Amino acid sequence: MASYALKPWKHPEPFGLEVLAMDQKGYRRESFQSSTSDEDMLEIAGASLDFPMADDDPPLDREMGGFSSYNGGEMNGTSKMMDFLEEPLPGVGTYEDFNTIDWVREKSRDRDRHREITSRSKESTWALIHSVSDAFSGWLLMLFIGLLAGSLAGLIDISAHWMTDLKEGVCLAGFWFNHEHCCWKSNTTFTDRDKCPEWKSWSQLIIGHGEGAFAYILNYLMYVIWALLFSLLAVLLVKGFAPYACGSGIPEIKTILSGFIIRGYLGKWTLIIKTITLVLAVSSGLSLGKEGPLVHVACCCGNILCHLFTKYRKNEAKRREVLSAAAAAGVSVAFGAPIGGVLFSLEEVSYYFPLKTLWRSFFAALVAAFTLRSINPFGNSRLVLFYVEFHMPWHLLELVPFVLLGIFGGLWGAFFIRSNIAWCRRRKTTKLGKYPVLEVFVVTAITAILAFPNEYTRMSTSELISELFNDCGILDSSKLCEYVNDFNSTKGDDLPDRAAGPGVYTAMWQLALALIMKVFITIFTFGMKVPSGLFIPSMAVGAIAGRLLGVAMEQLAFYHHDWVIFSGWCSQGADCITPGLYAMVGAAACLGGVTRMTVSLVVIMFELTGGLEYIVPLMAAAMTSKWMADAIGREGIYDAHIRLNGYPFLEAKEEFSHKTLAMDVMRPRRNDPPLTVITQDSMTVEDVETIINETTYSGYPVVVSRESQRLVGFVLRRDLIISIENARKKQDGIVSTSIIYFTDHSPPLPPSFPSMLKLRSILDLSPFTVTDQTPMEIVVDIFRKLGLRQCLVTHNGKLLGIITKKDVLKHIAQLANQDPDSILFN
């Protein structure tokens, strides 16, 4: 393999996306001068090979004032010419790492391919079969993605459940059983179902008994040791094998779906390591969830399976449609919410979401949910651990506490985003970022030491949410359900509101302590170099706050049922308030405050609980939460991390309201050197190679001549490099003095002149152009809706300058009083 293909991984700090950006200029120059081969360029999928990086900066000629010697057209005669690119070369039309794809070109190529297949289908039976299989390949790919994502999610759920319980003890009947499965066949009573003889705590196993101070300390110690072991193993695997496997992955997936290329981010090593380390990170007891990383895992499955189908392997735009559907499948298996998954992909992560992708997302989410349901990881025939059903309807007056929970969720979301971004920025800009293993060790140790004494933080976060959502029944033995029972009979499952017993009061202050711990520890956990999702910790914070408010409302209604606010609907002995519903609404409010989701959030939450009649409380909380959080800061957590990492993501939801023109943003500016251009038929191979060596841009405008500046088209740097290198190797007579021309016919040259190189087929003859007086509002809209990489600026038909996506992003950042140089991996 060529040396430059591996260079991105040889950086002294190859850890995380921000580091892999590296010093791009020195790297690029070295990369072009090293040798390459057809085989090196063949793999374009992004999972295994890395290509050299190039800016999307406009090609300004910083060092060369102009070319006076490239005439060549004045000589007469004919010469041997090489129409080198009649057949497409491997690698031509593909993209380098950390570059933006050209959506217009990719869609055009796919339309051409489709037209060709359709026209051929009438010629023979075999061509017709090929046409049908091509049309069906998308649905087949969705089937494979759903099956693989559902299977991996089931494996992760089962493994994480077992390893979480391993911190507290082991099953003698079979070490592979978790606590719940171990006690299934036990003859213990229902109230003692968690104390079966087959399950032994570590103190019972080591010293023979589980009571007393020494046994408690021993269990405490084993809990902390297992937590540290799991988290250290996770961070070492991520650091050693797949740096891209850290974090939630959703900010990067949003960026990739917008057309950016991060090679290796959705590759096979990332998938393997993320699956393993996600189980370890969740099992360690850190304040993180597996839901966000499951979206990354599903997208890795989608990207890898795209290799099976040429249609998706060779077209970056088509592959992004598949990744949008894979994201829907990821949320489907994360929450057991297939409809919510489709809406999440549409609302939160996708940049381009045509109707066909909506149908395929629906199918992928359906297959993934069906696969997970078949595996039945929780043993309860449900897709999620915290499926609950409430028995009492809510009352209109309860909208007031629901809105209060929404306000709390918005405040918590804004506080969390600001604090977490400040901490992550400190991690990037100080020595802290150089010691990821130590950071994970310290945070895990603090989390485990604080978590063990409190049973609500000791249990896994998913189990905690399940407990908080639970509606107390007759047989519930939880502290949250220890009410004073002074009634003789009940009808069905409906229990009247009762006075809180000592167990409830103990649970309340324990939950209050758990709330404080979760609020602060999550800030430092999210963004560490282990797989970490934010959905579950955010829901836990909201569920604790909601349950506390729900119990307070319940006791208020019990002791003051004669108050005006309760008298109409809550008589004595009635079941009025459901604290579990408040927990559910609080969970939705906090998750909405952090992510700014609305529609998909509500659908996910009611799919979780199976309660359609609670849509209005959820909508009220989600909307209030978004309004409150937006009033403090406009960005959700994922958009904030995109900006922090400097990804070139053009947000489609923001309005551009400034009165600037294309000439204010284009380059070259007033005092800059002239635009670097390539002439259509008067430059030699050496001249073009000099331009490539001395500039670092991703493409160059092609003009008729330097004097006229009349635009002919646009040619990509990568295509030029591959074409020239292959021509030098495979065609006789191509030397440094050979003329490169982009016209249909070769320029007249004397017979003694070397062979010419025709590169018309790599020239984009229809680059997007605007005039210098076009308002930037329209230019930004064009970039958003067409997914452009660059747009050429003309004046009276002559080429004047160029605007790239990075220029647009820098301009928007400047107008928002942000650092414009933070764009693209600062």
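Along the sequence shown, residues are numbered consecutively beginning with 1. Since the model is a prediction, treat every value here as computed from it, not as a measurement.
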**Report entry** Approximate separation, where rounding is to 0.5 Å, of Leu366 CG and Thr371 OG1
**Finding:** 9.0 Å
Query raised in the report: Between NZ of Lys729 and CD1 of Ile724, what distance do you get to the nearest 0.5 Å?
Result: 13.0 Å
Requested in this report: Examine distances only and state if a side-chain atom of Asn420 and a backbone atom of Ile523 form a donor-acceptor pair shorter than 3.5 Å.
Outcome: yes
Requested in this report: Test side-chain contact (heavy atoms from CB on, under 4.5 Å) on Leu358 and Phe362 and set out the steps.
Outcome: CA-CA 6 Å; Leu358 178 71; Phe362 185 79; 5.9 Å; no
**Report entry** Atom pair CZ/CG of Arg319 and Leu141 - distance to nearest 0.5 Å
**Finding:** 11.0 Å
Query - Test log, rule side-chain hydrogen bond (donor to acceptor under 3.5 Å, both in side chains), inputs Ser350 and Ser345 - result: CA-CA 6 Å; Ser350 292; Ser345 180; 3.0 Å; yes
Requested in this report: Find out whether Lys805 and Phe783 are in side-chain contact, i.e. whether some heavy atom of one side chain is under 4.5 Å from a heavy atom of the other.
Outcome: yes
Query - Short side-chain to backbone donor-acceptor contact, Ser248 and Ile250, under 3.5 Å - result: yes
Query - Ser283 side chain near Val279 side chain, heavy-atom distance below 4.5 Å - result: yes
Report task. Please answer whether the main-chain N or O of Leu228 pairs with a side-chain N or O of Ser231 as donor and acceptor at a distance below 3.5 Å. Result -> yes
**Report entry** Spacing of OG1 belonging to Thr255 relative to CD1 belonging to Ile261, to within rounding of 0.5 Å
**Finding:** 13.0 Å
**Report entry** Criterion side-chain contact (heavy atoms from CB on, under 4.5 Å) against Thr461, the qualifying member of Thr522, Ile536, Thr164
**Finding:** Ile536
Requested in this report: Evaluate the criterion side-chain hydrogen bond (donor to acceptor under 3.5 Å, both in side chains) for residue pair Thr804 and Gln790; output intermediate values, then yes/no.
Outcome: CA-CA 4 Å; Thr804 67; Gln790 71 279 318; over 6 Å; no
Query - Cys301 to Leu271 - nearest heavy-atom pair and separation - result: SG-CD1, 4.1 Å
Query raised in the report: Nearest heavy-atom pair of Glu106 and Asn315: which atoms, and what distance?
Result: O-ND2, 2.9 Å
Requested in this report: Identify whether the distance between the nearest side-chain nitrogen and carboxylate oxygen of Asp157 and Lys290 falls below 4.0 Å.
Outcome: yes
Query raised in the report: Would the Phe335 and Phe535 ring centres measure less than 6.0 Å apart?
Result: yes
Query raised in the report: If we only count heavy atoms from C-beta on, is the Leu288 to Val282 side-chain gap below 4.5 Å?
Result: yes
Query raised in the report: Are His641 and Phe649 near enough that their ring centres are under 6.0 Å apart?
Result: no
Requested in this report: List the steps and the verdict of salt bridge (charged side-chain N to carboxylate O under 4.0 Å, His left out) for Lys107 and Glu321.
Outcome: CA-CA 11 Å; Lys107 297 301 290 180; Glu321 293 178 23; 3.1 Å; yes
Query raised in the report: So, Trp226 versus Phe230, ring centres under 6.0 angstrom or not?
Result: yes
Report summary line: Only one of Arg427, Lys529, Lys431, Lys434 passes salt bridge (charged side-chain N to carboxylate O under 4.0 Å, His left out) with Glu439, and that residue is Arg427
Query raised in the report: Between Arg789 and Asp807, is the closest basic N to carboxylate O distance under 4.0 Å?
Result: no
Query raised in the report: Ser332 side chain to Gly341 main-chain N or O, any donor-acceptor pair under 3.5 Å?
Result: no
Query raised in the report: Do the ring planes of Phe363 and Trp139 sit parallel (below 30°), tilted (30 to 60°) or perpendicular (above 60°)?
Result: perpendicular
Query raised in the report: Are Leu786 and Trp103 side-chain neighbours, meaning at least one heavy-atom pair lies under 4.5 Å?
Result: no
Query - Leu355 side chain near Trp359 side chain, heavy-atom distance below 4.5 Å - result: yes
Requested in this report: Look at the rings of Tyr244 and Tyr265 and say which category their plane angle falls in: under 30° parallel, 30 to 60° tilted, over 60° perpendicular.
Outcome: tilted
Report summary line: Correct closest heavy-atom pair for Ala298 and Ala326 would be CB-O, 3.2 Å
Query raised in the report: Hey, are the side chains of Cys300 and Lys274 touching, using non-hydrogen atoms and a 4.5 Å cut-off?
Result: no
Query raised in the report: Which atom pair, heavy atoms only, marks the closest approach of Leu266 to Ile304?
Result: O-CG1, 4.0 Å
Query raised in the report: Between the side chain of Lys311 and the main-chain N/O of Asp134, is any donor-acceptor distance below 3.5 Å?
Result: yes
Query raised in the report: When you measure from the side chain of Ser108 to the backbone N and O of Val104, does any donor-acceptor pair fall under 3.5 Å?
Result: no
Query raised in the report: Do NZ/NE/NH1/NH2 and the carboxylate oxygens of Arg320 and Glu316 come within less than 4.0 Å?
Result: yes
Query raised in the report: What are the two closest heavy atoms between Leu278 and Pro531, and how far apart are they?
Result: N-CG, 3.8 Å
Query raised in the report: Would Asp639 and Arg596 pass as an ion pair if we require N to O under 4.0 Å?
Result: no
Query raised in the report: Can any side-chain N or O of Ser284 pair as donor or acceptor with the backbone N or O of Ala281 at less than 3.5 Å?
Result: yes
Query raised in the report: When you measure from the side chain of Thr270 to the backbone N and O of Gly264, does any donor-acceptor pair fall under 3.5 Å?
Result: yes
Query raised in the report: Do side-chain atoms of Asn99 reach the backbone of Phe260 as a donor and acceptor pair under 3.5 angstrom?
Result: no
Query raised in the report: Given side chains that start at C-beta, do those of Phe309 and Phe144 come closer than 4.5 Å, heavy atoms only?
Result: yes
Query raised in the report: Can Tyr638 and Glu348 be said to form a side-chain hydrogen bond (donor to acceptor under 3.5 Å, both in side chains), step by step?
Result: CA-CA 9 Å; Tyr638 302 129; Glu348 190 62 29; over 6 Å; no
Query raised in the report: Which heavy atom of Leu432 sits nearest a heavy atom of Trp423, and at what distance?
Result: CD2-CZ2, 3.5 Å
Query - Spatial distance of atom CZ (Arg113) from atom NZ (Lys318) [nearest 0.5 Å] - result: 7.0 Å
Query raised in the report: Looking at Val530, Leu232, Ile276, which hits side-chain contact (heavy atoms from CB on, under 4.5 Å) with Leu237?
Result: Ile276
**Report entry** Any donor-acceptor N/O pair, Ser723 side chain to Leu720 backbone, under 3.5 Å
**Finding:** no
Query raised in the report: Hey, does Val238 have a side-chain heavy atom less than 4.5 Å from the side chain of Pro243?
Result: no
Query - From CA spacing to verdict: salt bridge (charged side-chain N to carboxylate O under 4.0 Å, His left out), Arg105, Asp719 - result: CA-CA 14 Å; Arg105 183 172 75 161; Asp719 293 353; 3.6 Å; yes
